[in-house]
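Only a predicted model underlies this, so the values are computations on that prediction, with no experimental measurement involved.
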2 protein chains.
Amino acid sequence: MGRSPAARTVWLRALKEARVARGLSQAELGAMVGLPQSHISRIESGAVDVGISTLLEISRSLGLEPVAVPASLVPAVRSLLRAGSHDGPPRPAYALDDDDG
Amino acid sequence: MGRSPAARTVWLRALKEARVARGLSQAELGAMVGLPQSHISRIESGAVDVGISTLLEISRSLGLEPVAVPASLVPAVRSLLRAGSHDGPPRPAYALDDDDG
DNA sequence: TTGTTCAATATGCGAATACGTATGAATGTG
DNA sequence: CACATTCATACGTATTCGCATATTGAACAA
């Protein structure tokens, strides 16, 4: 497979939670992005090391924009995310936590 | 190849700039992450759709933490990044801009 | 200028892996 | 049971990835 299974589980968990929170099935999400349901399944389960372009498309279709933050600023960004999750209507806000290795 | 070459160019540009800004060669960066120089080359040139796990390792080795931000909060995060780029050592702070596609 | 050397980046090829199509398993509803 | 819905797996093709090698570019000498 790819390189570090652990390193990507956090992303995958966040994406799956975002999908479920929006009431989308794997097939529906796949249709939005132009991917087969089977691949969404493998991505979420961590069975494959998905390409960055696909990850970007999936994230954005779920309303999440990936951003590279300098490590020193991560806490500030994280608190900003928590504070800002009050506005939109159905929308869950997801940050990527680093609770694995 | 993967799916959307344009979608990933922003990431790649940011990573390459971060690498160069820190005075690292492709070989040195590769050694830090356990990748051959040849692969770093293809990643930066956009010739391959790199796997997410590798992208995470590279980003973190350069001091950049990928975070999924709700689209509505991107402007706030971005201004935070601009404001906070004073502290670090040689200090390049990189956000992912969406100035393509 | 021409040639040499060294550091950095790019490319060909085989082996490993991701991806798409088709299908199956599991669960729920009448 | 018949049918629908959602997610998971098998197999073949396309792409990535690592190794070895080639190419590029800058600095210097004669």
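For the contact set between residues 25-33 of chain A and DNA chain D, defined by any heavy atom under 4.0 Å, the members are A:Ser25, A:Gln26.
When the side-chain nitrogen and oxygen atoms of A:Ser41 are compared with OP1 and OP2 of D:dA8, one or more of them lie within a distance under 4.0 Å.
For B:Gln37, the side chain to side chain donor-acceptor pair (under 3.5 Å) test picks out B:Gln26, with sequence neighbours left out. A search for side chain to side chain donor-acceptor pair (under 3.5 Å) contacts involving B:Ser25 returns B:Glu28, not counting sequence neighbours. With sequence neighbours excluded, the residues forming a side chain to side chain contact (heavy atoms under 4.5 Å, CB included) with A:Val20 are A:Lys16, listed by chain and number.
As rounded to whole Å, 11 Å separates atom P of D:dC17 from atom CD1 of B:Ile40. Whole-Å rounding puts the B:Ile43 CD1 to D:dG18 C1' distance at 12 Å. Between the CG atom of B:Asp49 and the P atom of C:dT17 there is a distance of 17 Å, rounded to whole Å. The separation between B:Ile52 atom CD1 and C:dA18 atom C1' is 15 Å, rounded to whole Å. Following rounding to the nearest Å, B:Glu44 (CD) and D:dT16 (P) show an atom-to-atom distance of 16 Å. Between the CG atom of A:Leu24 and the P atom of D:dT5 there is a distance of 16 Å, given to the nearest Å. Protein atom CZ of B:Arg22 is 20 Å distant from nucleotide atom C1' of C:dA8, rounded to whole Å.
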(message) Counting primed atoms plus P, OP1 and OP2 as sugar-phosphate and everything else as base, spell out the protein contacts along nucleotides 20-30 of chain C at 4.0 Å heavy-atom distance: B, S or - for each nucleotide, 5' to 3'.
(response) BBB--------
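No side-chain heavy atom of B:Ile58 sits less than 4.5 Å from a side-chain heavy atom of B:Val50. In this structure, the side chains of B:Leu81 and A:Val77 come closer than 4.5 Å at one or more pairs of heavy atoms. With a 4.5 Å cut-off on side-chain heavy atoms, A:Ile52 and B:Thr54 do not count as touching.
Listed by first and then second residue, the salt bridge (charged side-chain N to carboxylate O under 4.0 Å, His left out) pairs involving residues 29-46 of chain B are B:Arg19-B:Glu44 (not counting sequence neighbours).
Among all heavy-atom pairs drawn from A:Val67 and B:Val69, the shortest one is CG2-CG2, 4.1 Å. A pairwise comparison of heavy atoms in A:Ala71 and A:Pro75 identifies O-CD, 3.9 Å as the closest pair. In plain terms, the two heavy atoms of A:Leu62 and A:Leu24 that are nearest each other are CD2-CD1, 3.9 Å.
Axis angle between the ends of the helix from C:dT1-D:dA30 to C:dG30-D:dC1, five pairs each and rounded to 10 degrees, works out to 20°.
If you take CD1 on B:Ile43 and CG on B:Asp49, they are separated by 10.5 Å, rounding to the nearest 0.5 Å.
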